[in-house]
Amino acid sequence: MAFRNRADPEQEDRVQRYDPEKVETRWQAYWEERGLFRTDADPGRRKFYCLEMFPYPSGRIHMGHVRNYAIGDVIARYKRMKGFNVLHPMGWDAFGLPAENAAIEHGVHPARWTEDNIGYMRGQLKRMGFSYDWTREVATCEPRYYRWNQWFFLKMYERGLAYRKDSLVNWCPSCATVLANEQVIEGRCWRCDSPVTRKELKQWFLKITDYAEELLRGCDELSEGWPEHVIAMQRNWIGRSEGVEMDFPVADGDERITIFTTRPDTLWGATFLCLAPMHPLADSLTGDREGLEFLKSRYGVMEEKHGLFTGRYAVNPVNGERIPIYIANFVLMEYGTGAIMSVPAHDQRDFEFAQKYGLPVRVVIVPGEGGGEGPLQRAYEDEGVLVSSGRFSGMRSREAIEEIGRYLEEEGLGRRVVNYRLRDWGISRQRYWGTPIPIIYCERCGVVPVPEEDLPVLLPEDVSLEGKGSSPLLASRSFVETRCPECGGGARRETDTMDTFVDSSWYFLAYCFRGDIEIGSAVRNPASELRHWMPVDQYIGGVEHAVLHLLYSRFFTRVLRDIGLVETSEPFRNLLTQGMVCKETLRCPEHGWLFPDEAVDGRCSRCGKEVESGRVEKMSKSKKNIVDPEFLIRKYGADTSRLFTLFAAPPEKDLEWSEQGIEGAHRFLNRLWTVVTRDAGMLRSVEAEKGLPEGGKGMRLFRKTHQTVKKVTTDIERRFQFNTAIASMMELFNEISAFDPGEAPAVYKFSLRNLLLMLSPFSPHIAEELWETMGERPSVLEHPWPEWDEEAAREDEVELVIQVNGKVRAKTTVPAGLDDREIEEIALREPKVTGFISGGEVRKVIVVKGRLVNIVLG
RNA sequence: GCCGGAGUGGCGGAAUUGGCAGACGCAAGGGACUUAAAAUCCCUCGGGGCUCGUCUCCGUGCCGGUUCGAGUCCGGCCUCCGGCACCA
């Protein structure tokens, strides 16, 4: 016990208490002064682009951010120690509605509000000690950023990928604004909860559907680096389906109605046609204006199907049958051709419609052998055998779909086509705080794009925001009134702004530049930094963006590839989707949801009523089940907060917040602190062990250290299992703290040294501090990641498990590396085993090297 | 309805791609130190049984199968979570 004496009060005094605040701010200043996280392209080293989804500057960071960025920081720091040249940037998704709401509610200008929030949150992120290259920071609301939104828009316009059309949009009557699809939650506005209606508006669209097939095929390429479920969601969203399009002539007229179906095998069962209310022929086929208006108002309303008989008939081209034409609210204009053939016997929706309007149901598919007698209770939608279908009767559905498709093409009645669920991306927003769409409307010249050299079209600052709803830019005369770039005459600017998803579809490119974002000069420029850094090697963010943001970014990257900006088609080679941060909800019968500190000993702090604890749910302000990261930093420090969020669950799973859990993480760092500072003098005076020690306890600790390096490294490398990596570091530390340093000081130092190196990506500040305390030269994170020696990690004795008929009957320690026969002999001689064997005959012995023997009796 | 994912102690979670189920942490219980508390340290900790052991039986949502051996593979259910959903 040469170096430790817990009871010695003098020594206690000399050991400084662990003060996270002091340690952390000290090292943050150190890193910043030295610009340690500043990265430049270096052709001599392998690059690694590590990116986390940038935050919306809502005011302060929340636990979701902490988790996301803690994961990213471990990866960035780890890769750096592994010798990669790591690009690890951060920025702000700074346009968006909350800024505008703040302006309406508190009279602060969105720019000011956003700027203040960014300032505050940047401070918070710095306080967490994340290793960002802040010199590459971008905010999407800066003109130097959004000018490229406009530039991309113009490039797409040139290529016919940006176009304007009338469309039905989601409209919130209470907020008097358009809502994006993702802002409609179960038919209601996400902000004010009022029912969303539809409204026809002229809007700008980006033609993502041109890339539907490519985006779908690209999914195969991603299967190595992306979570399976995210790829599934992307495929699902694109929703490819094969079918046929065919024309039904209108009886007593010249019109033809083109329908789309995936089930041509049911063609003989079509008993009526249905058009979407907005179908171009709907107007002319019915005289009932009122009825049509009613259907339009019910469009997209799921509760009930409504229809209107036009009084006209269509002719089924395969059998010449006259069938009635209906207009129906459930037929979508956006999918297929906006018209369907209705086969009530084999489609549940058509079945319900037919029941309501007394339309005939004709069975043309029967399941397998016979059966299917009597009136249907519901549609039979499965495949089967065709009946009453002319020369195709008796064929199986699968085959008939092929055959009929071919037949229709031969006869010129239809054609096989592929349809996608994916729609073009409507990007117009009737809002202020976004990128102005660079388009000018001239009475003489029509739609005129703003010339490239006039970019950016600046967002005017002098706009009054009163929440009226109509595009606020309309009210800015200086903005709206302009000159036509072509004829010089008076013209008006487009007053809608872009969806903020446009901003986030390419921000990862902006980080590739320091200072000016030089997108323009990067076109067809092989020396561009864009090409050096792209694609992102590791992307980390929440699953909530599994479709929209990720799909839009994949689309953008392909367009930019076609423009000659980047070579890659996929922006994100590897994707890690972290789980949500959850916490149990608390509710007072009188005061509703409670913040964690409003419940004292299970009672409401205001009324003393017993608190009901509800389900564990995602942390959210509305449920008040939140923990403020700033509070954690103050109480435990950034290192503990980071360590716990990484330890409590594997990254992709949901994390349940636990107050005691974080105490545990803090205890671990505290213990480590105490041990290193206590033994500092000794640690400074010895050299770390290099070779394999002779034997005894020193050798065991040395071996354990190598095993831990191996375990931690492989846990990080294969699927980022930080929780088990931390667990094994704790295990190592448990052995270190049980070890008497006097036995083998060099080994002791070796172990602590490696432990600090491995801990540094997780809890970097304390690692730096103790590294220095130990007499090592800072900075710890500029040291290479430790290597393990397979030889040193190998055990020379292993525990052999002996089973009889698959049940564990004995355990014994044997030297490592025995061959099968030797192991078998030891097992059969084992006294505890012989009793079990004596009853029967040994039929077979199975040996699993270095682990287990199973003796099978006959 | 369709597509994904998950069910393991009181809890969060571990288990070389078939080989000792429960690592690590939390909570709980017991003890040491202390005038006391906090902190710290040590021990116990899936369940049952008994002759309390170097004992024994059961145990990874449920039922069956493959195998010398299944938390892990196969078939069939149940439950929960997420996404999409009148997409023809």
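To find a chain, count down the sequence lines: A is the first, B the second, and so on, and within it residues start at 1.
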Does OP1 or OP2 of [N] have a side-chain N or O of [X] closer than 4.0 Å?
| X | N | value |
| --- | --- | --- |
| A:Lys807 | B:C58 | yes |
| A:Arg678 | B:U40 | no |
| A:Ser241 | B:A88 | yes |

Counting side-chain heavy atoms from C-beta on, which of [options] comes nearest to [X]?
| X | options | value |
| --- | --- | --- |
| A:Phe330 | B:C86, B:A23, B:C26 | B:C86 |
| A:Asn236 | B:G83, B:C86, B:A15 | B:G83 |
| A:Asn723 | B:A15, B:G4, B:G13 | B:G13 |
| A:Gln721 | B:A88, B:C26, B:A15 | B:A15 |
| A:Val801 | B:C20, B:A14, B:C58 | B:C20 |
| A:Ala232 | B:C3, B:G19, B:A88 | B:C3 |
| A:Val848 | B:G13, B:G19, B:A88 | B:G19 |
| A:Arg667 | B:U40, B:A21, B:A23 | B:U40 |
| A:Glu228 | B:A27, B:G19, B:G5 | B:G5 |
| A:Arg671 | B:A23, B:C41, B:C26 | B:C41 |

Item to check | Heavy-atom side-chain contact between A:Thr271 and A:Pro344 under 4.5 Å | outcome: yes
Next on the checklist: For a quick check of understanding: with a heavy-atom distance under 4.0 Å over all strands, which category does A:Asp350 fall into, base, sugar-phosphate or nothing?
Outcome noted: nothing
Next on the checklist: Considering every strand and a 4.0 Å limit on heavy-atom distances, what is the contact class for A:Thr261: base, sugar-phosphate, or nothing?
Outcome noted: sugar-phosphate
Would you check if there is a donor-acceptor pair between the side chains of [Y] and [X] at a distance under 3.5 Å?
| X | Y | result |
| --- | --- | --- |
| A:Thr724 | A:Asp715 | yes |
| A:Tyr380 | A:Thr266 | no |
| A:Asn734 | A:Arg671 | yes |

Pair of N/O donor and acceptor under 3.5 Å linking [N] base with [X] side chain:
| X | N | result |
| --- | --- | --- |
| A:Arg809 | B:U54 | no |
| A:Glu799 | B:C20 | yes |
| A:Lys811 | B:C20 | yes |

Checklist entry - Expressed as a whole number of Å, how far does the C1' atom of B:G19 sit from that of B:C73? => result 14 Å
Checklist entry - If we take the C1' atom in both B:U60 and B:G71, what is their distance in whole Å? => result 5 Å
Next on the checklist: I want to confirm an ordering. Mapping A:Ile846 and A:Ile726 to their closest nucleotides on RNA chain B, which one lands closer to the 5' end?
Outcome noted: A:Ile726
Checklist entry - ring-ring contact (aromatic ring centres under 6.0 Å, His included) between A:Phe272 and A:Phe353: does it pass, once the steps are laid out? => result CA-CA 10 Å; A:Phe272 54 99; A:Phe353 192 83; 5.6 Å; yes
Next on the checklist: Please report the distance, rounded to the nearest Å, between CZ in A:Arg421 and C1' in B:C84.
Outcome noted: 6 Å
